[in-house]
Amino acid sequence: MIDLKLLQKDFEGISKKLERKGVDAKLLEKVKIKFEELKVAKAAFETLQAAQNAMSKEFGVYKREGKDISKLKAKVDENKIRIADALEIQRLRQEELETLAMAIPNIPDDNVPDGEDENDNVELKKVLTPKEFSFTPKEHWELAELNGWIDFERGVKLATSRFSVSFGMGARLERALINFMLDFNRQRGFEEVSVPALVNRKALEGTGQLPKFEEDLYKMQDQELFLIPTAEVPVTNLYQDEILTAEALPKKMTAYTSCFRKEAGAAGRDTRGMIRQHQFHKVELVAIANPQESEKIFDEMVQTASDILTALELPHRIVNLCTGDLGFSAAHTTDIEVWLPGQDKYREISSISNTRDFQARRAKIRFKNSKKNEFVHTLNGSSLAVGRTLVAIMENFQNEDGSIDIPEALKPYLGM
RNA sequence: GGAUCUUUGGCAGAGUUGGUCGAAUGCACCGGUCUUGAAAACCGGCGAGGGUCAUACCUCCCAGGGUUCGAAUCCCUGAGGGUCCA
């Protein structure tokens, strides 16, 4: 949720920033008007309510003194009707405003580059050099089938397209990666948490997936619960509606969960292989931070994710997302893209965002800053997507005969 | 699944014959006195959101409805927690 007071105070400035993210100026204008209307409606209601409260107090006095109350009651009854109307109007305005405001994305930071899509993202640096192959490297699905690691057909049989099954070393590698990543993150000061895979509407509103992106979520039929699209949702919302002490910050957490996405807008993209699945494993980093140090923690998170790839000897690059590629809740995002020799390109494997107080405002996560309460900053990032890491290992560690070497760092996790 | 109790400020915990209750008290926290400094002791402040230059004022005692001039307090529904029974 954007800061409505800020929008009101600096309408020009904020709308200019949001325009970079493709927000219609007319929408903002509407929000501003609704906000004004709400204030008027509120004032009207409050005036009536104040009168009502005063009269009710008088009522008590009359009763005690044994005075005649019939006249007062008539007045109060009449006022009551007007209050009901005023309240209804206020509620309506409130709803209208919320509907509009909840659909506005976060304000991008000034240093976020302008751009349409991922092609306009800005590369910050490359880590490790892709190795030269003396043969044409295969793509991961071929390698996966060759080694019997992943069975795509049987995943479809069990569920539907974009589901797969891992066997043998494929399955073991996934588990090894999860443990490796969790341990790595923990050593960097992120506390491990284990959270529900189903969450309610409020949690998803808190982190910004709802109300705008319901079509990409799996929803339970008999209860208002959704499968999580990322651990960011349950972990960030752990502290929803809470006022934390300043000493409690930062909360740095890591969690492994399965993630579930309908990929509604991705028809035809990455239909082959396990780059884009409806269910996938991910180890996530989440931080609840004092605004003053959120950027420092952001850098730590990027470094941690990058270091995991380095430890796995996987070449990657770090890119700064442009406005067009920036997610709904993020003020700025850094992606890490891993080198896939089979595809001959870098592909996203981690996405790390600082949402600043955008989610905190929605989820009402605050902290006591000496006297006053302030919204925290929330950050999240993958560290890492497990399936894609497996893909990267397959493609980068393949041999000419299709066999695949195991990165040294993982061997202890495989009893090797 | 049934019965019953319960849900209050950062935490703990009063308040349920409806009206000076936004709410005692303790802890925590902040400011001060004392001290070389700290602790202890003592004094003062201290729920949240909106509104205002600041007051006033409005809303909030799990959520949603209802009764009433008036509800933290009564009634209904739902959610969470405890206990007992299946």
Side-chain angles (χ1 to χ4, degrees), chain A residues 1-9 31-98 100-102 195-196 198-206 210-211 219-226 234 237-251 288-290 357-376:
Chain A
M1 177 88 91
I2 64 158
D3 188 343
L4 291 174
K5 273 197 211 161
L6 194 68
L7 180 72
Q8 199 191 218
K9 222 165 74 186
V31 168
K32 193 186 171 196
I33 291 167
K34 276 285 166 246
F35 191 52
E36 288 302 328
E37 285 180 359
L38 174 62
K39 276 175 105 173
V40 171
K42 247 184 167 165
F45 164 74
E46 283 177 9
T47 308
L48 290 169
Q49 186 62 254
Q52 188 79 351
N53 288 345
M55 284 191 276
S56 286
K57 253 183 197 159
E58 222 177 320
F59 217 98
V61 177
Y62 274 39
K63 272 238 158 142
R64 215 172 317 126
E65 294 174 354
K67 285 196 200 161
D68 176 35
I69 55 167
S70 57
K71 252 188 168 162
L72 184 59
K73 181 161 164 39
K75 245 168 82 184
V76 156
D77 282 343
E78 188 217 346
N79 197 44
K80 211 172 158 184
I81 297 163
R82 290 161 59 196
I83 287 181
D85 290 343
L87 183 63
E88 189 52 33
I89 291 170
Q90 188 201 313
R91 181 164 20 194
L92 225 78
R93 296 280 174 277
Q94 179 83 47
E95 255 173 46
E96 291 166 344
L97 179 66
E98 244 161 54
L100 290 174
M102 287 287 264
V195 289
L198 284 170
V199 293
N200 57 34
R201 177 171 289 273
K202 199 176 170 196
L204 286 153
E205 283 175 350
L210 288 180
K219 186 181 179 187
M220 298 296 116
Q221 205 166 30
D222 50 348
Q223 256 194 90
E224 177 99 316
L225 289 173
F226 301 80
N237 279 289
L238 285 172
Y239 298 101
Q240 102 180 178
D241 258 326
E242 293 194 27
I243 301 173
L244 304 161
T245 60
E247 299 75 55
L249 301 179
K251 299 248 181 219
I288 312 277
N290 187 313
D357 62 1
F358 186 81
Q359 292 180 328
R361 181 169 283 111
R362 289 179 158 232
K364 294 197 176 67
I365 308 173
R366 288 165 292 176
F367 75 106
K368 262 196 193 324
N369 195 9
S370 62
K371 241 355 190 178
K372 58 184 191 297
N373 300 315
E374 220 182 295
F375 287 112
V376 298

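In what follows, chains are A, B, ... by sequence order, proteins preceding strands, each numbered from 1.
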Separation between the P atoms of B:C74 and B:G18, rounded to whole Å: 9 Å
For B:A79, the Watson-Crick or wobble counterpart (both distances under 3.5 Å): B:U7
Under 3.5 Å for both donor-acceptor distances, Watson-Crick or wobble: does B:A28 have a partner, and if so which one? none
Pairs under 3.5 angstrom only: tabulate donor-acceptor contacts from the side chains of residues 199-206 of chain A to other protein residues two or more places apart or in another chain.
| residue | atom | partner | partner atom | Å |
| --- | --- | --- | --- | --- |
| A:Asn200 | OD1 | A:Lys202 | N | 3.3 |
| A:Asn200 | OD1 | A:Ala203 | N | 3.1 |
| A:Arg201 | NE | A:Glu224 | OE2 | 2.5 |
| A:Arg201 | NH2 | A:Glu214 | OE1 | 3.4 |
| A:Arg201 | NH2 | A:Glu214 | OE2 | 3.4 |
| A:Lys202 | NZ | A:Asp241 | OD2 | 2.8 |

Using a 4.0 Å heavy-atom cut-off, does A:Lys364 contact any base of the nucleic acid, only the sugar-phosphate backbone, or nothing at all? nothing
Enumerate donor-acceptor pairs with a distance under 3.5 Å from any side-chain N or O in residues 34-41 of chain A to protein atoms, sequence neighbours excluded.
| residue | atom | partner | partner atom | Å |
| --- | --- | --- | --- | --- |
| A:Lys34 | NZ | A:Glu37 | OE1 | 3.0 |
| A:Lys34 | NZ | A:Glu96 | OE1 | 3.2 |
| A:Glu37 | OE1 | A:Arg93 | NE | 3.4 |

Listed partners of A:Phe367 passing ring pair (Phe, Tyr, Trp, His ring centres under 6.0 Å), at least two apart: none
Using heavy-atom distances to pick each residue's nearest nucleotide on RNA chain B, tell me which of A:Lys42 and A:Glu247 is more 5'. A:Glu247
Please state how far atom CD in A:Glu36 lies from atom P in B:G51, giving the value in whole angstrom units. 11 Å
Sorted by chain and number, sequence neighbours left out, salt bridge (charged side-chain N to carboxylate O under 4.0 Å, His left out) with A:Arg361 holds for A:Asp3, A:Asp357
How would you summarise protein contacts on nucleotides 58-76 of chain B per nucleotide, using B for base, S for sugar-phosphate only and - for none, with heavy-atom distances below 4.0 Å? BS-----S---BS------
So, OP1 or OP2 of B:G50: does either fall under 4.0 Å of a side-chain N or O from A:Lys5? yes
B:G49 phosphate, OP1 or OP2, under 4.0 Å from A:Arg366 side-chain N/O: yes
Test: side chain to side chain donor-acceptor pair (under 3.5 Å). Region: residues 76-87 of chain A. Which pairs qualify, not counting sequence neighbours? A:Gln52-A:Asn79, A:Lys73-A:Asp77
With a 4.5 Å limit on heavy-atom distance, are the side chains of A:Val376 and A:Asn290 in contact? no
